[in-house]
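Everything on this sheet refers to the single structure shown next.
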Amino acid sequence: MRAKLKLQWFLVPLILTLYLSGFFLYKTAPVQVIAVRTTSHTTQASISFAPLRHVTKSLAELDKMDEISKNFLFFNHVPKCGSEVLILLLQKMQGFNNFRHVRLKGGSKRKLNRLQQEELVEEFYDILRKQPVRLSFDRHTYFVNFTSFDKQSPTYINLIRDPIDKIVSRSPGKNGKGSNEYYYKCLMKKKGDCNFKNGLSYDLSIPYFCGQDSRCMILNNDWALKTAKENVQRYFEVVGVLEELNSTLEVLENKLPNFFKGVQKHYQTYLLSNFKNKKPIKVPNRIRKKLKDTLRTEYDFYDWIKGRLFGQLQILYGDHQSH
Ligand SMILES: *[C@@H]1O[C@H](CO)[C@@H](O)[C@H](O)[C@H]1NC(C)=O
Ligand SMILES: *[C@@H]1O[C@H](CO)[C@@H](O)[C@H](O)[C@H]1NC(C)=O
């Protein structure tokens with residue numbers, strides 16, 4: 001009697017398992033139907049993204065026009081230039097504009113050797129193969145020439161800011177040795193380790209556009225400046241300026257609507273109030289003047305980028321603005 005009862009109890013989990021698995025099978029059937037539907041939907045979607053197929057072609061198969069893909073962006077941001085705003089906006093816009101934003105790791109290393117560059121290019125392409133949608137990526141790194149790895153280049157975008165504000169925003173703190181006054185004095189000194197010296201290497205803005213050649217980091221190197229400008233013209237659809245964020249967003253929205261459609265409205269509605277109260281950094285004029293000479297090529301580049309941005313804006317408006 002007792003043995004029989006035990007057996008019956010033994011059957012309970014077994015029956016329960018059978019019941020549940022039946023339930024599960026029953027449940028999964030409609031899911032499979034949905035999956036089929038999703039697949040056909042995805043197929044439809046990938047038809048509208050037809051140009052994406054170019055991405056996997058080797059460069060030899062491509063037209064000259066296709067050297068740069070319109071379907072993936074790379075925001076290789078410069079530190080201390082307000083990239084957080086643009087990353088936040090990319091993350092917000094992905095839902096509206098049907099793309100995906102990917103934050104790449106490893107941004108503490110910006111100057112990459114040939115192997116590391118190749119790894120980065122591979123990382124891009126691994127993700128591109130897996131994702132049947134447009135993609136944008138961000139990471140700190142000096143410009144990488146995808147063409148030199150026989151791969152189609154992403155459309156680069158970037159954001160820079162006034163070189164002095166960028167440097168001062170790095171100043172270590174508020175008190176004692178870390179105070180701004182101390183930092184300014186130190187910047188002005190001939191000797192010491194926080195002033196800038198011609199011919200030495202620095203992690204300023206130009207290398208992010210010039211690339212991985214050691215000369216790119218050298219302060220006031222004219223070859224680096226020239227190369228940076230050439231690369232901007234060839235690979236960077238838009239380089240924004242933090243002090244001109246409205247214009248930057250306007251150009252981004254017009255030049256790259258697949259990613260930035262609606263960005264100005266979104267920024268003004270949800271983010272503007274957060275940034276409005278940020279006061280510009282006050283730097284004494286004598287320091288500004290001195291640093292402007294010291295950072296000759298950085299200022300040349302900054303002014304040139306600003307001119308390019310306003311030029312792009314003017315083209316968008318036709319010439320009615322100039323009257
Ligand atoms: C990028 O690589 C291609 C192919 O090697 C080369 O023609 C081009 O000059 C390179 N651009 C830069 C800026 O190095
Ligand atoms: C940007 O545009 C917004 C909305 O039109 C305005 O409130 C804001 O002052 C502008 N910012 C700048 C720096 O022009």
Side-chain angles (χ1 to χ4, degrees), residues 57-69 74 76 81-82 85-86 88-89 110-118 120-122 124-125 141-162 165 205-218 221-237 239-254 260 262-281 297 301-302 304-306 309-310 312-314 316-317 321:
K57 279 189 186 175
S58 93
L59 205 71
E61 298 172 81
L62 299 171
D63 295 338
K64 191 93 188 100
M65 291 295 288
D66 284 323
E67 183 191 0
I68 297 154
S69 171
F74 188 15
N76 67 321
C81 287
V85 188
L86 208 50
L88 200 62
L89 286 168
R110 294 101 196 239
K111 190 174 185 324
L112 309 177
N113 64 32
R114 187 77 189 159
L115 184 66
Q116 290 162 334
Q117 290 174 53
E118 189 166 10
L120 179 67
V121 172
E122 280 308 315
F124 262 83
Y125 273 81
T141 175
Y142 298 162
F143 172 77
V144 172
N145 186 354
F146 280 61
T147 313
S148 73
F149 295 96
D150 195 32
K151 284 287 196 319
Q152 197 177 22
S153 174
T155 295
Y156 275 88
I157 58 167
N158 217 324
L159 186 64
I160 61 170
R161 77 190 290 188
D162 184 290
D165 293 344
S205 294
I206 286 178
Y208 291 82
F209 303 88
C210 169
Q212 306 290 344
D213 190 299
S214 310
R215 287 173 289 177
C216 291
M217 293 179 78
I218 297 174
N221 182 294
D222 287 311
W223 178 87
L225 174 64
K226 181 171 153 279
T227 307
K229 287 180 182 174
E230 282 167 5
N231 283 344
V232 167
Q233 262 163 341
R234 189 160 166 185
Y235 299 102
F236 288 79
E237 184 83 25
V239 181
V241 172
L242 188 62
E243 290 80 15
E244 305 292 345
L245 196 55
N246 283 349
S247 303
T248 300
L249 296 180
E250 192 160 0
V251 173
L252 280 170
E253 178 157 359
N254 280 283
F260 288 103
V263 74
Q264 295 177 88
K265 194 158 192 295
H266 190 90
Y267 172 73
Q268 279 157 18
T269 315
Y270 299 106
L271 295 180
L272 185 61
S273 50
N274 299 350
F275 294 100
K276 243 184 180 163
N277 298 329
K278 281 202 172 177
K279 290 199 180 80
I281 304 157
T297 53
F301 185 69
Y302 173 74
W304 183 81
I305 288 292
K306 230 158 120 174
L309 185 72
F310 291 144
Q312 287 174 319
L313 207 57
Q314 210 154 29
L316 293 178
Y317 286 126
Q321 244 198 355

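Atoms within each ligand, like the ligands themselves, are counted from 1 in listed order.
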Problem - Nearest-contact summary for atom 9 (O) of ligand 1 - protein heavy atom, Å - result: Arg234 NH1, 4.3 Å
Practice task
Flag the pair Phe143 / Tyr208 as yes when their ring centroid distance falls below 6.0 Å, and as no otherwise.
Solution key: no
Handout entry: Any protein heavy atom < 4.0 Å from atom 7 (O) of ligand 1
Key = no
Exercise for the section: I would like to know whether Tyr142 and Gln117 meet side-chain hydrogen bond (donor to acceptor under 3.5 Å, both in side chains); could you show each step before the answer? Expected result: CA-CA 10 Å; Tyr142 298 162; Gln117 290 174 53; over 6 Å; no
Handout entry: Pair Arg234 + Glu67: basic N to acidic O under 4.0 Å
Key = yes
Problem - From Gln264, Glu243, Gln268 - option closest to atom 4 (C) of ligand 2 by heavy atom - result: Gln268
Practice task
Find out whether the Lys NZ or Arg CZ of Arg114 is both under 6.0 angstrom from the six-membered ring centre of Phe149 and within 45° of the ring's axis.
Solution key: yes
Exercise for the section: Report the part of Asn231 (side chain from C-beta onward, or backbone N, CA, C, O) that has a heavy atom under 4.0 Å from ligand 1; answer both or neither where that applies. Expected result: side chain
Practice task
Give yes or no for whether the N/O distance cutoff of 3.5 Å, strictly under, is met between Asn246 and ligand 2.
Solution key: yes
Practice task
Just say parallel, tilted or perpendicular for the rings of Phe236 and Phe209, cut-offs at 30° and 60°.
Solution key: tilted
Practice task
Using a strict 4.0 Å cut-off to heavy atoms of Leu272, name the atoms of ligand 2 that fall inside it.
Solution key: 3 (C), 7 (O)
Practice task
Output the list of atoms in ligand 1 that are nearer than 4.0 Å to some heavy atom of Asn145, sorted by atom number.
Solution key: 1 (C), 2 (O), 3 (C), 8 (C), 10 (C), 11 (N), 12 (C), 14 (O)
Handout entry: Axial cation check for Phe124 ring with Lys151, 6.0 Å and 45° limits
Key = no
